[in-house]
Protein chains: 2
Amino acid sequence: MFAALGDETRLSLVAVLCAGGAFSIAQLTHGTDITRQAVTKHLQVLADAGLVRDLKQGRERLWEFEPSRLDEARRSLESIAGQWDRALARLKSTLERS
Amino acid sequence: MFAALGDETRLSLVAVLCAGGAFSIAQLTHGTDITRQAVTKHLQVLADAGLVRDLKQGRERLWEFEPSRLDEARRSLESIAGQWDRALARLKSTLERS
DNA sequence: CTAATATGCAACCAGGAGGTTGCCCATGAA
DNA sequence: TTCATGGGCAACCTCCTGGTTGCATATTAG
């Protein structure tokens with residue numbers, strides 16, 4: 001999922017979807033300088049990572065943000081940072097004890 | 001920086017460095033099934049992303065975690081999630097108003 | 001001093017990722 | 001019905017990334 005967010009194009013797609021709601025592939029392509037197919041591939045990657053969700057509607061395919069997974073990522077970053085904090089605390093207490 | 005965390009090997013390197021303190025390249029290589037050179041390259045990528053820091057010590061080069069940047073990433077994820085929450089709130093209030 | 005250890009540098013290689021093009025299908029509008 | 005539009009599929013291309021190997025350099029141990 002970090003890999004999914006690691007691409008510049010995909011990150012801006014996520015940003016757009018976060019801010020806006022649901023967009024079709026053609027709409028999302030409009031404004032970028034890449035092909036519709038490329039956008040489709042990026043959306044697929046984001047979907048595999050659980051970051052976006054698609055809903056068919058007529059001949060259109062609308063994409064929207066899926067917030068749950070991002071929250072999970074945030075929590076995992078917090079846990080990593082927490083590990084570091086605990087390590088520092090251990091180090092500090094070890095030094096004080098000596 | 002998401003790209004830096006997007007690689008499996010690098011993510012586990014970060015995890016090790018978070019939990020532990022400072023390690024040499026040889027130590028970090030021990031336990032993985034890749035070459036020392038590959039580990040060096042990964043550490044370089046992480047350093048470019050500001051996630052780790054190196055300190056020379058004798059003939060060794062010790063690497064340790066750099067927590068500040070990760071915190072920044074956490075905040076940016078929070079802001080993205082926040083955008084989504086605000087969009088939902090706007091949508092809700094729009095619906096209620098109609 | 002000499003040998004072993006820890007690392008750096010550069011060339012090289014294979015595979016995957018991002019991107020494009022061409023063609024086809026489905027659906028909505030006129 | 002006919003046509004334009006939104007989208008899917010697949011082949012193809014290029015370049016970057018992850019990884020390796022070989023050799024050179026610095027530092028420490030004996």
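Both backbone and side-chain heavy atoms feed into the values below; hydrogens, waters and symmetry mates do not. Residue numbering restarts at 1 for every chain, and letters A, B, ... go by the order of the sequence lines.
Note: CZ (Arg10(A)) to C1' (dG19(C)) measures 12 Å, nearest angstrom. In this entry the distance linking CD of Gln27(B) with C1' of dT7(C) reads 14 Å, nearest Å. Nucleotide dC9(C) holds its P atom 14 Å from the CG atom of Leu43(B), rounded to whole Å. Counting to the nearest Å, the C1' atom of dT5(C) and the CG atom of Leu28(B) are 16 Å from each other. Here dG18(C) presents its P atom at 5 Å from CG of Asp7(A), a figure rounded to the nearest Å. Separating the CG atom of Leu46(A) from the P atom of dA17(C) is a distance of 14 Å, rounded to the nearest angstrom. Protein atom NZ of Lys41(B) is 15 Å distant from nucleotide atom C1' of dT7(C), rounded to whole Å. Straight-line distance from the CD1 atom of Ile34(A) to the P atom of dA17(C): 16 Å, rounded to whole Å.
Under the 3.5 Å distance criterion, the side-chain polar atoms of Glu60(B) are left unmatched by any main-chain donor or acceptor of Gln57(B). Without hydrogens or angle criteria, Ser79(A) side chain to Arg75(A) main chain gives no donor-acceptor distance under 3.5 Å. Panel note: side chain Arg61(B), backbone Asp54(B); no donor-acceptor pair is recorded below 3.5 Å. Looking at Ser24(B), its side chain does come within 3.5 Å of a backbone N or O of Gln27(B) through a donor-acceptor pair. Side chain of Arg10(B) to backbone of Leu46(B): no donor-acceptor contact under 3.5 angstrom is found.
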For DNA chain C, the expected dot-bracket line (Watson-Crick or G-U under 3.5 Å, [ ] crossing, | inter-strand) is ||||||||||||||||||||||||||||||

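Put simply, the residue from Leu43(B), Leu62(B), Thr40(B) that forms a side-chain contact (heavy atoms from CB on, under 4.5 Å) with Leu28(B) is Leu43(B).
Tracing side-chain contacts under 4.5 Å through hydrophobic residues (I, L, V, M, F, W, Y), one reaches Trp63(B) starting from Met1(B); they form part of the same cluster.
Map Thr35(A) and Gln57(A) each onto its nearest nucleotide of DNA chain C; the residue landing nearer the 5' end is Thr35(A).
Checked by distance alone, Arg59(B) brings no side-chain donor or acceptor within 3.5 Å of a matching partner on the base of dT7(C). Between the base of dG8(C) and the side chain of Arg36(B) there is a donor-acceptor pair shorter than 3.5 Å.
Chain B approaches DNA chain D over the interval dG18(D) to dT28(D), counting the first and last nucleotide 5' to 3' with an atom under 4.0 Å from its heavy atoms.
Across all strands, Glu60(A) comes closer than 4.0 Å only to sugar-phosphate atoms, never to a base (heavy-atom distances). As judged by a 4.0 angstrom heavy-atom cut-off over every strand, Ala26(B) is placed among residues touching the sugar-phosphate backbone only.
When each of dG22(C), dG8(C), dG19(C) is scored by its nearest atom to the side-chain atoms of Gln37(A), the top-ranked nucleotide is dG22(C).
The minimum heavy-atom distance linking Thr29(B) with Ile34(B) is given by the pair CG2-O, 3.6 Å. Phe65(A) approaches Leu17(A) most closely through the heavy-atom pair CB-O, 3.8 Å.
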